[in-house]
Each structure stands twice: as structure tokens, then as C-alpha cells.
Amino acid sequence: MRIRRAGPSAVLLEVADTAAVFAAYDLLTAARAEGTLRASEIVPAARTVLIDGVAEPDRIAALLETGRSAAPPSAAGSPPTIEIPVRYDGEDLDDVARLWDTDRAGVVAVHTGTEFRVAFCGFAPGFAYLTGLDPRHHVPRRASPRTRVPAGTVALAGPYSGVYPVASPGGWQCVGRTAAILFDLDRDPPALLSPGATVRFVEVQ
Amino acid sequence: MSELEVVRAGVRTTVQDLGRPGFAHLGVPRSGAADAGALRLANRLAGNPPGAAGLEILLGGARLRATRALTLAVTGAPCVVTVGGRPADPGLPLAVPAGALVTIGPVTAGLRVYLAAGGGIAVPPVLGSRSTDTLSGLGPDQVRDGDVLPIGPVTARPPGVDLAPYPPPAGELRLRVWLGPRADWFTPSALATLFTAAYRVSPETDRVGARLTGPALTRAIDGELPSEGLVLGAIQVPADGQPLIFLADHPTTGGYPVAGVVDPADIDLLGQARPGTVISFVAAA
């Protein structure tokens with residue numbers, strides 16, 4: 001673990017892997033809920049957690065030490081699995097099948113058979129980076145990005161799967177689409193997929 | 001309800017308050033006024049709480065009409081203001097009679113004029129803020145000719161001030177920088193360059209970031225950086241080595257290393273830095 005300063009009122013906590021990001025994020029959000037940490041933003045990412053808007057950034061290290069030596073994180077707060085219905089008819093389905101040395105049905109079987117977890121959000125409001133794919137199923141981005149990927153597109157890139165909340169340019173490999181609303185301002189929280197949530201994709205015809 | 005009729009919106013006018021912090025973990029940018037201090041001052045002069053929504057008028061050049069008598073205040077980039085055809089002072093509470101035309105002239109320096117109306121602009125908030133986020137599209141649409149903006153109820157009388165003085169935007173800025181979080185991704189000579197070279201604000205500058213041109217900053221580590229959270233004022237260095245300083249509508253995460261962070265107290269200066277402004281950096285603290 002390494003603590004990097006990011007200006008006078010933020011620190012970037014760098015950890016070994018996604019599991020350590022989840023542990024640190026849980027610990028920090030719990031500390032904020034208990035009132036032992038005051039921060040305006042706690043932002044998990046691939047290998048880091050950013051803690052922004054802190055009055056005493058030098059205290060974060062001590063907080064993490066005491067937090068880790070205290071009770072192990074309980075599973076009591078684990079949220080239910082979110083199911084996302086997908087029609088697997090994406091334009092890159094055949095390319096992904098080739099990369100995985102399988103056929104369309106094989107891609108669907110792997111994607112629906114994987115328990116994903118939201119590592120972090122970014123790129124657009126409600127866009128979640130979902131981890132859980134076996135390393136042999138990691139795929140490169142498309143050589144040339146599309147200028148427009150429709151909202152609800154289910155896609156893959158690197159170690160991640162994700163769903164585009166709104167239409168946008170994108171370079172991920174598109175495998176299907178969902179009618180699920182990923183970001184809804186009338187919902188609390190507005191994002192369907194928040195950091196730490198577990199996700200399963202379910203095939204629909 | 002009182003209303004503000006937008007006769008001419010200007011090149012790019014948006015509703016801004018102090019943004020929507022607290023949702024970065026869901027990918028929602030902070031947004032808010034690019035020169036937050038100017039908006040706060042305008043609100044104080046108009047008798048509003050500091051976070052009330054006002055107009056951010058890029059380059060000035062707007063015309064507005066109030067349906068009822070109200071208090072306006074204009075701050076930020078210097079410009080000529082008239083109320084009902086008479087010259088009026090920026091930096092003062094302005095009593096605007098019902099039906100009077102308010103003109104905001106083109107800016108003579110800086111970038112952004114702020115206009116607060118007593119009661120605040122009362123468009124519906126989105127995630128607790130009325131700010132237009134130009135990156136994600138959250139918040140109200142950009143203000144257009146013919147829009148009619150609702151004004152909220154007045155909560156306090158404007159203060160009895162003479163004139164709130166504030167310095168005009170400078171043509172040269174010295175910004176305080178905290179190195180990190182990824183200073184070690186750059187060569188020592190690149191970091192020395194950052195603190196000695198003069199950079200210029202590029203014409204591609206917007207609410208997302210102030211893009212700079214100048215000596216490229218060379219990396220010590222060539223690998224790809226996994227995406228990580230970004231703070232306001234982060235100096236990100238993309239592949240071409242030209243630094244970009246993130247402003248109000250910055251993305252929540254980014255995949256290029258951040259060499260340093262501009263001190264929050266200097267961010268408002270960047271919100272007023274026109275293309276061509278010379279920027280130099282000094283070590284903070």
C-alpha cells in the first residue's frame with residue numbers, strides 16, 4: 001500500500017489489486033459513515049482509491065492502519081446481486097468468439113456464467129467497470145473506436161465488461177444490449193451499478 | 001414568480017452554482033462555476049446564499065429582461081453593464097426595475113462574467129445542483145435566446161456595500177503546484193521544466209480543462225496507467241506531453257499520469273485565463 005498526495009486536500013491510496021481496492025473502499029466509506037473520516041469524495045478505481053476533500057490528509061494512513069487491525073469486514077452489508085437482461089446480438093460477438101476460441105453460444109455461456117463485481121465507475125455517469133472475467137477472456141479494445149455506441153450496449157475491453165448508460169463514442173467490443181436503465185435521476189442512488197455491487201447478466205431472446 | 005427573459009444569450013451561457021460534489025464514485029463530475037469565487041461574490045451582492053445558481057456568461061455579450069423588479073449583481077471578467085440604457089457598475093447590487101433591459105457587454109479581459117439574481121435561478125436541480133455539466137450533459141441545457149429562467153423567492157436583502165473590488169484577470173499567471181500523485185512517472189528534468197518553463201493557455205481550453213502548450217514533459221515510466229480518480233486542478237500529461245489542468249467539468253477518472261495539482265486557491269484564476277495567457281508554476285508550501 002502506498003499513499004500519494006494529490007494536492008493539499010486529497011490523497012491517492014495505491015494498492016496491489018482489485019480485491020485490495022474493495023477492502024480499502026469498504027473501510028473508508030464505513031469510516032465516513034461512522035464520522036471518523038470526513039471526505040467529500042471517495043473514488044475507487046482500478047488500483048487506487050482517491051479520498052478528496054479531506055481536512056487532514058496526513059491522518060489517512062493511521063486511519064487505514066487502525067481500520068485494518070479492527071474487526072474484519074463483515075459480510076452483513078453485502079448487497080443483493082443485480083441481474084441485467086441481455087440480448088446477445090452485438091456487432092463484435094463473432095470477433096469476441098474468435099478471440100475466446102469458441103462460438104457465439106460459448107461467449108454467452110461465459111458472460112452469463114460469470115459473477116461480476118463493480119470495481120469502479122467512470123467515463124460517464126453510471127458507467128461501471130465490471131471485474132470477474134478470467135484472464136483468458138480479457139480482450140483488446142477495437143482497433144478503431146465507433147463514433148456512436150447506443151445506450152444499453154453491453155461490451156468488453158481489457159479485463160472489464162460494461163454497459164453504456166447513454167449513447168457515446170466507444171472502443172469496447174460490443175456483445176449485446178439491455179433494456180435496463182443504468183442511470184436514472186429519479187432513483188436513489190441514480191446509478192444502477194455502484195462500486196462493490198455484484199452483477200449477473202441473464203440472456204433474453 | 002419572477003422571471004429572467006434571455007433576449008440574447010451570447011456565445012455560451014450556462015446556469016452554474018457550486019456544482020454537485022459527492023457523486024464522483026458513480027462517474028458524475030463535480031461541475032459548478034469555473035470561477036467559483038466570482039459566483040460567490042455575485043450571490044453575496046444579490047443577497048443570495050453563496051451556492052445559489054447564477055449565469056456564467058462566456059466572453060460576455062448578453063441581453064436580459066426581468067419580468068418583475070429584482071436585484072442583479074455582475075462579477076467576474078470586466079465588461080460594460082447597462083440597466084435600462086444607463087451604465088451600471090459590476091461589483092455592486094443593481095436594482096433593476098420591472099421590464100428594464102440589462103445588457104452585458106463583451107469582456108475586456110478574462111473569460112467569464114457571472115450574473116446573480118436576487119432569489120437565484122430556480123431551474124430544477126439535478127442531483128442537488130443546477131449546474132450545466134458540459135462533459136456529461138447533466139443539468140439544464142445551455143441557455144439560448146428566448147429562454148425564460150425562473151427566479152426563486154428572495155431570502156435576504158442585498159448588503160449595503162459600496163463597491164466590492166476585485167482584481168481584473170491577469171495576462172500572466174503564477175500558479176502554485178503540489179507535486180504528485182504521479183510526479184515519479186516523469187523524469188527529473190521534466191519536473192524541472194514544469195517549474196521553469198512558460199506555458200500558454202491553448203485555444204482548446206474549456207470548462208473541462210485548461211489545455212496548455214509549451215515544452216513537452218517527458219515520462220520516466222512508459223507503461224500504461226490504470227484509470228484513477230482525478231481532483232480539481234490535476235495537471236494531467238497525455239501522450240503528447242502537453243499538460244492539461246482539469247477544471248470544473250473534469251472527468252471523475254483518467255488514465256494519464258498526474259504530475260501535480262494546482263492549489264485550489266488558484267483554480268478561479270484559470271477559470272478566467274484566456275487562450276494565450278502565460279502560465280508559470282511555482283512549488284506550493
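Note that the structure is predicted; figures quoted are calculated from it, not measured. Lettering follows sequence order; numbering is per chain, from 1.
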Of the backbone (N, CA, C, O) and the side chain (C-beta and beyond), which part of [X] lies under 4.5 Å from a heavy atom of chain A, both, or neither?
X	answer
B:Leu230	backbone
B:Pro251	neither
B:Arg182	both
B:Val126	side chain
B:Leu179	backbone

Chain B interface, residue from [options] that has the most non-hydrogen pairs under 4.5 Å:
options	answer
A:Ser194, A:Pro190, A:Ser40, A:Pro8	A:Pro8
A:Ile42, A:Asp188, A:Thr48	A:Thr48
A:Pro44, A:Ala124, A:Ala39, A:Ala10	A:Ala124
A:Gly122, A:Ala6, A:Ala46, A:Ala191	A:Ala6

Option in B:Ala183, B:Ser136, B:Ser227 with maximal non-hydrogen atom pairs under 4.5 Å from chain A: B:Ser227
Heavy-atom pairs under 4.5 Å with chain A, option from B:Gly180, B:Gly233, B:Pro21, B:Gly22 with the top count: B:Gly22
Approximate separation, where rounding is to 0.5 Å, of B:Phe246 CZ and B:Leu135 CG: 9.0 Å
From CA spacing to verdict: side chain to side chain contact (heavy atoms under 4.5 Å, CB included), A:Val139, A:Trp100: CA-CA 8 Å; A:Val139 297; A:Trp100 288 3; 3.3 Å; yes
Indicate yes or no: does [X] engage [Y] in a salt bridge with an N to O separation below 4.0 Å.
X	Y	result
A:Arg142	A:Asp92	yes
B:Asp184	B:Arg219	no
A:Glu203	A:Arg87	no

A:Phe120 portion near chain B, given a 4.5 angstrom heavy-atom threshold: side chain
Under 4.5 Å from any heavy atom of chain B - which part of A:Arg32: neither
Under 3.5 Å: donor-acceptor pair, side chain of B:Ser129, backbone of B:Ser131: yes
Side-chain (B:Asp17) to main-chain (B:Ala53) donor-acceptor, under 3.5 angstrom: no
Criterion side-chain hydrogen bond (donor to acceptor under 3.5 Å, both in side chains) against B:Glu56, the qualifying member of B:Arg207, B:Arg12, B:Gln16: B:Arg207
Residues that B:Asp240 engages under salt bridge (Lys or Arg N to Asp or Glu O under 4.0 Å), provided they are two or more places apart: none
